[in-house]
Peer 1: 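Next up is a structure, given as structure tokens.
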Amino acid sequence: MDNNQRVIGYWISEKKKQKFNWEDFQNVCAKNGFELKMINVNANLESQGPFHVFLHKLTDTLALAESGDQNARAIITRIQGYIRKHPELIVIDPLENVRNLRNRHKSYEIIHNGIQLKDVFTPNFVELKSKYVSENLTLLITNNVKFPFLCKRLVAHGCSDAHKMMVIFNEKGLKDCQLPCVAQNFVNHNAILYKVFIVGEKFHVVERPSLKNFYQKDCESLNTIFFNSQDISKSGSNSKWSVISDEEAALRVKPNFKTFEKIVKRITKIFGLVLVGVDVVIENHTERYAIIDINAFPGYDGYPHFFDHLVNTIEKLMADQKSSKQNSRSAGIKKWPSDDLDSGFESDEKKKQSMT
Ligand SMILES: O=P(O)(O)O[C@@H]1[C@@H](OP(=O)(O)O)[C@H](OP(=O)(O)O)[C@H](O)[C@H](OP(=O)(O)O)[C@H]1OP(=O)(O)O
Ligand SMILES: Nc1ncnc2c1ncn2[C@@H]1O[C@H](COP(=O)(O)OP(=O)(O)O)[C@@H](O)[C@H]1O
Ligand SMILES: [Mg+2]
Ligand SMILES: [Mg+2]
């Protein structure tokens with residue numbers, strides 16, 4: 001290996017590698033002076049290094065580790081040990097920050113407390129865990145969650161049920177909630193979802209199909225709808241639950257990209273993530289933007305020149321690290337707190353956010 005070569009060590013699943021056409025990434029890296037090296041997370045990392053960057057999607061492993069899986073725990077401990085031993089390693093993204101997205105209730109709380117933007121909100125939500133319907137009903141009322149609401153598994157990824165959901169229309173449907181779950185107000189949005197795919201300071205928005213509108217009369221007549229979110233909002237999805245009338249479709253509004261810009265800025269900062277996706281719907285009538293899901297290292301399907309943007313972002317993070325190291329040396333500060341949630345892109349606040 002060339003001593004000046006910068007090495008990106010990575011771990012993503014084989015399935016994701018295929019979806020991404022990873023060989024193209026290899027070429028983009030080579031063109032920009034990076035070597036891309038797959039890490040064997042089951043073996044000692046020290047002997048596989050040195051690495052300058054660690055790029056990963058370890059959401060499933062993190063979730064498994066938290067549920068007690070010994071092998072997953074060993075992997076996470078090994079990686080954490082390596083990261084601790086190499087404080088200059090650029091980690092995309094820090095494990096602590098990715099971990100915040102495992103529990104849907106926790107990520108909604110972070111958004112609710114941190115988004116602080118007029119016209120952007122996360123719909124009212126509450127965690128349900130009681131086997132007694134009456135207790136859950138009280139919780140719903142106390143937290144202002146109304147029918148219809150979405151019932152989402154508490155765990156957002158890493159288990160086979162993470163994307164199985166329900167729309168609950170009435171008290172009769174409460175027994176259908178699969179626990180533990182988060183109940184979240186249903187927001188009518190004329191069946192269009194906006195996927196905001198973020199790469200550092202850049203982002204790209206794609207439109208996807210979504211759930212239809214539901215009205216008060218549906219709460220009286222409909223039984224619980226069970227669905228898998230993977231069948232609703234992929235680029236080719238064609239679910240019967242996404243069909244709306246021509247009148248409703250005519251009411252769709254053109255999204256305001258300035259609002260997406262603001263959302264991107266806030267979300268990257270409060271979650272401290274470089275590779276993140278935000279699912280947004282625009283509420284009918286109020287035209288407020290509802291954030292309904294946050295995903296670590298999503299699919300980026302439809303994001304033009306994703307690999308170029310990723311490499312440019314890595315370049316920038318390296319340059320930022322170098323200059324902050326120089327600054328802290330002159331100020332007598334020892335280390336940039338890269339794992340601090342709120343540090344995000346603090347130093348770039350003034351710089352213009354740009355869209356692809
Ligand atoms: O399957 P893809 O490529 O659509 O990507 C999935 C994401 O879809 P999106 O890009 O937002 O449309 C998907 O996003 P959603 O939760 O479906 O909004 C998840 O991020 C999923 O990861 P995981 O299985 O939950 O760990 C992502 O799955 P992985 O490919 O990362 O396993
Ligand atoms: N609060 C909501 N109001 C209306 N529709 C929603 C709401 N939350 C989710 N949906 C719909 O359900 C789908 C899946 O929900 P989401 O929270 O994104 O879960 P996942 O992590 O499985 O993608 C979304 O793509 C959207 O169509
Ligand atoms: Mg989603
Ligand atoms: Mg999700």
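The basis for the numbers below is simple: all heavy atoms, side chains too, and nothing from hydrogens, waters or symmetry mates. Both counts, for ligands and for their atoms, begin at 1 and track the order of listing.
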Peer 1: In terms of residue, atom name and distance, what is the protein heavy atom nearest to atom 10 (N) of ligand 2?
Peer 2: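 The protein heavy atom lying closest is Ile292 CD1, 3.7 Å.
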
Peer 1: List the closest protein heavy-atom neighbour of atom 32 (O) of ligand 1: residue, atom name, distance to the nearest 0.1 Å.
Peer 2: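 Going by distance alone, atom 32 (O) of ligand 1 is nearest to Lys15 NZ, 3.7 Å.
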
Peer 1: Are any of the side-chain heavy atoms of Ser107 and Asn100 separated by less than 4.5 Å?
Peer 2: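 Answer no - side chains too far apart.
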
Peer 1: Could you find the nearest protein heavy atom to atom 23 (O) of ligand 2 and give me its residue, atom name and distance?
Peer 2: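 The closest one turns out to be Asp293 OD2, 3.1 Å.
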
Peer 1: What is the closest protein heavy atom to atom 25 (O) of ligand 2, and at what distance does it sit?
Peer 2: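 Here the closest protein heavy atom is Ser233 OG, 2.7 Å.
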
Peer 1: Do Phe197 and Val311 share a hydrophobic cluster (ILVMFWY, side-chain heavy atoms under 4.5 Å, transitive)?
Peer 2: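 Yes, it is one cluster - the side chains of Phe197 and Val311 are joined through contacts under 4.5 Å.
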
Peer 1: Output the list of atoms in ligand 2 that are nearer than 4.0 Å to some heavy atom of His189, sorted by atom number.
Peer 2: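 That gives atoms 4 (C), 5 (N) of ligand 2.
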
Peer 1: Does this structure show an ion pair linking Arg99 with Glu66, if we count only N-O contacts that are shorter than 4.0 Å?
Peer 2: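 Between Glu66 and Arg99 there is a salt bridge, with a charged N closer than 4.0 Å to a carboxylate O.
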
Peer 1: Are any of the N/O atoms on Lys195, whether in the backbone or the side chain, positioned under 3.5 angstrom from an N/O atom of ligand 1?
Peer 2: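 Between Lys195 and ligand 1 (N or O atoms, distance only) the closest approach is under 3.5 Å.
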
Peer 1: Nearest non-hydrogen contact with atom 27 (C) of ligand 1 belongs to which option: Lys57, His157, Arg102?
Peer 2: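 It is Lys57 whose heavy atom sits nearest to atom 27 (C) of ligand 1.
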
Peer 1: Should the proximity of His157 to ligand 2, defined as any heavy atom under 4.0 Å, be assigned to the side chain, the backbone, both, or neither?
Peer 2: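 Neither part.
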
Peer 1: Below 4.0 Å, non-hydrogen atoms only: which portion of Asp279 touches ligand 1? Side chain, backbone, both or neither.
Peer 2: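 The answer is the side chain of Asp279.
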
Peer 1: Specify which N/O/S atom of Asp293 comes nearest to the Mg ion (ligand 3), by atom name.
Peer 2: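 Atom name returned: OD2.
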
Peer 1: Could you check whether any side-chain heavy atom of Ile115 comes within less than 4.5 Å of a side-chain heavy atom of Ile111, counting everything from C-beta outward?
Peer 2: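 When only atoms from C-beta onward are counted, Ile111 and Ile115 do touch, with a gap below 4.5 Å.
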
Peer 1: Is the closest heavy atom of Thr59 to ligand 1 under 4.0 Å?
Peer 2: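 Thr59: in contact with ligand 1 (<4.0 Å).
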
Peer 1: Should Glu46 and Arg78 count as an ion pair when the cut-off is N to O under 4.0 Å?
Peer 2: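 Between Arg78 and Glu46 there is no salt bridge, as every charged N stays at least 4.0 Å from the carboxylate O atoms.
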
Peer 1: Classify the side-chain pair Tyr303/Asp301 by whether it contains a donor and acceptor separated by less than 3.5 Å.
Peer 2: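 Looking only at side-chain atoms, Asp301 and Tyr303 do not form any donor-acceptor pair under 3.5 Å.
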
Peer 1: Below 3.5 angstrom, do we get any N/O pair linking Gly299 and ligand 1?
Peer 2: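 Between Gly299 and ligand 1, an N or O pair is found under 3.5 Å apart.
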
Peer 1: Does Ile232, backbone or side chain, put an N or O under 3.5 Å from an N or O of ligand 2?
Peer 2: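 Ile232 vs ligand 2: no N/O contact under 3.5 Å.
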
Peer 1: Measure across Ala183 and Leu140 and return the closest heavy-atom pair with its distance rounded to 0.1 Å.
Peer 2: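 Looking at all heavy atoms of both residues, the shortest contact is CB-CD2, 3.6 Å.
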
Peer 1: Considering only protein heavy atoms, which is closest to atom 3 (N) of ligand 2, and at what distance to one decimal place?
Peer 2: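 Here the closest protein heavy atom is Val187 N, 3.0 Å.
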
Peer 1: Any carboxylate oxygen within less than 4.0 angstrom of a Lys/Arg side-chain nitrogen, looking at Asp161 and Arg153?
Peer 2: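 So Asp161 pairs with Arg153 through a salt bridge.
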
Peer 1: What is the closest protein heavy atom to atom 8 (N) of ligand 2, and at what distance does it sit?
Peer 2: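 Of every protein heavy atom, Lys152 NZ, 2.8 Å lies nearest to atom 8 (N) of ligand 2.
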
Peer 1: Are any of the heavy atoms in Gln230 under 4.0 Å away from ligand 2?
Peer 2: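 Not so, Gln230 does not reach ligand 2.
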
Peer 1: How far is atom 26 (C) of ligand 2 from its nearest protein heavy atom, and which residue and atom is that?
Peer 2: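 For atom 26 (C) of ligand 2, the nearest protein heavy atom is Ser210 OG, 3.3 Å.
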
Peer 1: Identify the protein heavy atom lying closest to atom 14 (C) of ligand 2, giving its residue, its atom name and the separation to 0.1 Å.
Peer 2: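 Checked against all protein heavy atoms, atom 14 (C) of ligand 2 sits closest to Ser229 CB, 3.4 Å.
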
Peer 1: Between Gln18, Lys234, Gln230, Lys16, which one has a non-hydrogen atom sitting closest to atom 6 (C) of ligand 1?
Peer 2: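 The residue whose heavy atom sits nearest atom 6 (C) of ligand 1 is Lys234.
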
Peer 1: Is there a donor-acceptor contact under 3.5 Å from the side chain of His86 to the main chain of Glu88?
Peer 2: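 Pair absent, no side-chain N/O of His86 close to backbone of Glu88.
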
Peer 1: Does the gap between the ring centers of Tyr194 and Tyr289 come in under 6.0 Å?
Peer 2: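 Aromatic pair excluded; centres sit 6.0 Å or further apart.
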
Peer 1: Is Lys258 paired with Glu261 through a side-chain N to carboxylate O contact shorter than 4.0 Å?
Peer 2: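 Here Glu261 pairs with Lys258 in a salt bridge, since their nearest N and O are under 4.0 Å apart.
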
Peer 1: Considering only protein heavy atoms, which is closest to atom 11 (C) of ligand 2, and at what distance to one decimal place?
Peer 2: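 Looking at atom 11 (C) of ligand 2, the protein heavy atom closest to it is Leu211 CD1, 3.7 Å.
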
Peer 1: Check this for me, if you would: do Asp320 and Lys316 make a salt bridge, where the nitrogen-to-carboxylate-oxygen distance has to be below 4.0 angstrom?
Peer 2: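 Result for this pair is yes, salt bridge flagged.
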
